[in-house]
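Have a look at the structure below, then the notes.
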Amino acid sequence: MYEIKKQIYLDFTKNQKSALCNYLRALVKKSMDLTVDEIFESFVADEKYYLELHCSRFEFLEDIIDNNDFKSDTIKYLKECKKYYEYKEKQRPIIEANKEYEKQKRKFLQEVKMSKEAPTKKQLYYYDRLCKKYDIEKKELTSKLEARNEIDRIITEHQSDYKINPETNEE
């Protein structure tokens, strides 16, 4: 897409070219279901309408909007944008898989780190309170990971105690 930018709109200033290309790229991204010709026709129709109202953001197109060079350059760029977004869409599953892999890797590394650190005072206190509440024999906790897993195990085993039973009308 970047190579084609160097070959099109040679008469435009740097800012004009950039503004038009950004707008066209966004237009392609927004309407991927349309063909390149339909996108071009829609763009030209909209620009002519705004030029008639004297409120176009691309006033420099007024004299060249019907020019064949402008049309060919715009269609080239629209095709390139379409190819770029189609390729990006095909890459989406790979990117999502990489994100999921990185997430699992971070989780694993965090657990490795936690397994080497001593449990915090809060974890020990919370574990102690849970053991007293459910009359469970306490174990010696050696790491943050072990403390977290024990606390989770106790909570899931006694999860029914946390729910309010609507049949008994307890308040």
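Because the structure is a prediction, the values reported are computed rather than measured.
To the nearest 0.5 Å, atom NE2 of residue His54 and atom CD of residue Glu59 are 9.5 Å apart. Remark: Asp33 CG to Ile39 CD1 distance equals 8.0 Å, nearest 0.5 Å. Here NZ of Lys113 is found 13.5 Å from OG of Ser143. Values are rounded to the nearest 0.5 Å. Of the inter-residue distances, the one linking Cys21 atom SG with Ile8 atom CD1 reads 4.5 Å to the nearest 0.5 angstrom. Taken from CZ in Phe43 to CG in Leu61, the straight-line distance is 5.5 Å, to the nearest 0.5 Å. The distance from the NZ atom of Lys5 to the OG atom of Ser18 is 5.5 Å, given to the nearest 0.5 Å.
With sequence neighbours left out, Glu102 forms a side chain to side chain contact (heavy atoms under 4.5 Å, CB included) with Lys105, Arg106. Residues meeting the salt bridge (Lys or Arg N to Asp or Glu O under 4.0 Å) test with Glu111, sequence neighbours left out: Arg148. Legend: residues meeting side chain to side chain contact (heavy atoms under 4.5 Å, CB included) with Leu124, ordered by chain and number and at least two apart, are Pro119, Leu141. A search for salt bridge (Lys or Arg N to Asp or Glu O under 4.0 Å) contacts involving Arg153 returns Glu150, Glu157, not counting sequence neighbours. Residues satisfying the side chain to side chain contact (heavy atoms under 4.5 Å, CB included) test with Gln104, not counting sequence neighbours, are Glu100. Taking Tyr125 as the reference, Arg129 meet the side chain to side chain contact (heavy atoms under 4.5 Å, CB included) condition, with sequence neighbours excluded. With sequence neighbours excluded, the residues satisfying salt bridge (Lys or Arg N to Asp or Glu O under 4.0 Å) with Asp128 are Lys132, Lys138.
Residues Glu146 and Thr142 share a closest heavy-atom pair of OE1-OG1, 2.7 Å. Taking both residues in full, the closest heavy atoms of Ile155 and Leu130 are given as CG1-CD1, 4.2 Å, listed atom of the first, atom of the second, then distance. Closest heavy-atom contact between Phe70 and Ile64: CB-O, 3.4 Å.
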(request) Start with the C-alpha distance between Arg25 and Val28, add both sets of side-chain angles, then the distance that settles side chain to side chain contact (heavy atoms under 4.5 Å, CB included), and finish with yes or no. (result) CA-CA 5 Å; Arg25 191 174 65 240; Val28 169; 5.8 Å; no
(message) side chain to side chain contact (heavy atoms under 4.5 Å, CB included), that's the test. Do Tyr127 and Lys139 meet it? Break it down for me.
(response) CA-CA 10 Å; Tyr127 176 69; Lys139 294 194 313 187; 3.8 Å; yes
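Applying the salt bridge (charged side-chain N to carboxylate O under 4.0 Å, His left out) definition to pairs two or more places apart or across chains, none involves residues 10-23. Counting only residues at least two apart or on different chains, no ring pair (Phe, Tyr, Trp, His ring centres under 6.0 Å) pair has a member in residues 76-115. Pairs passing the salt bridge (charged side-chain N to carboxylate O under 4.0 Å, His left out) check and including a residue from residues 71-89, sequence neighbours excluded, read Glu80-Lys83, Glu89-Arg92.
Through chains of ILVMFWY side-chain contacts below 4.5 Å, Met114 is grouped with Leu145. Other cluster members for Ile95: none, since no ILVMFWY side-chain heavy atom sits under 4.5 Å from it.
Using a 4.5 Å heavy-atom threshold, the side chains of Phe40 and Thr35 count as separate. Leu27 has its side chain within reach of Lys30: a pair of non-hydrogen atoms, C-beta onward, lies under 4.5 Å apart. At least one side-chain heavy atom of Asp66 sits less than 4.5 Å from a side-chain heavy atom of Lys48.
Remark: the Ser56 side chain and the Tyr49 side chain contain no N/O donor-acceptor pair separated by less than 3.5 Å.
Classified by interplanar angle (parallel below 30°, tilted 30° to 60°, perpendicular above 60°), the ring pair Phe60/Phe12 is perpendicular. By the 30° and 60° cut-offs, the orientation of the rings of Phe58 relative to Tyr23 is perpendicular.
Remark: Asp152 CG is packed, more than 12 non-hydrogen atoms of other residues, nucleotides or ligands lying under 6.0 Å away.
Both Leu20 and Leu51 sit in one connected hydrophobic cluster of ILVMFWY residues. Membership requires side-chain heavy atoms under 4.5 Å apart, directly or through other members. A continuous path of Ile, Leu, Val, Met, Phe, Trp and Tyr side chains, each step under 4.5 Å between heavy atoms, connects Ile151 with Ile136, placing both in one hydrophobic cluster.
No donor-acceptor distance shorter than 3.5 angstrom exists from the side chain of Ser42 to the backbone of Glu38, with no hydrogens or angles considered.
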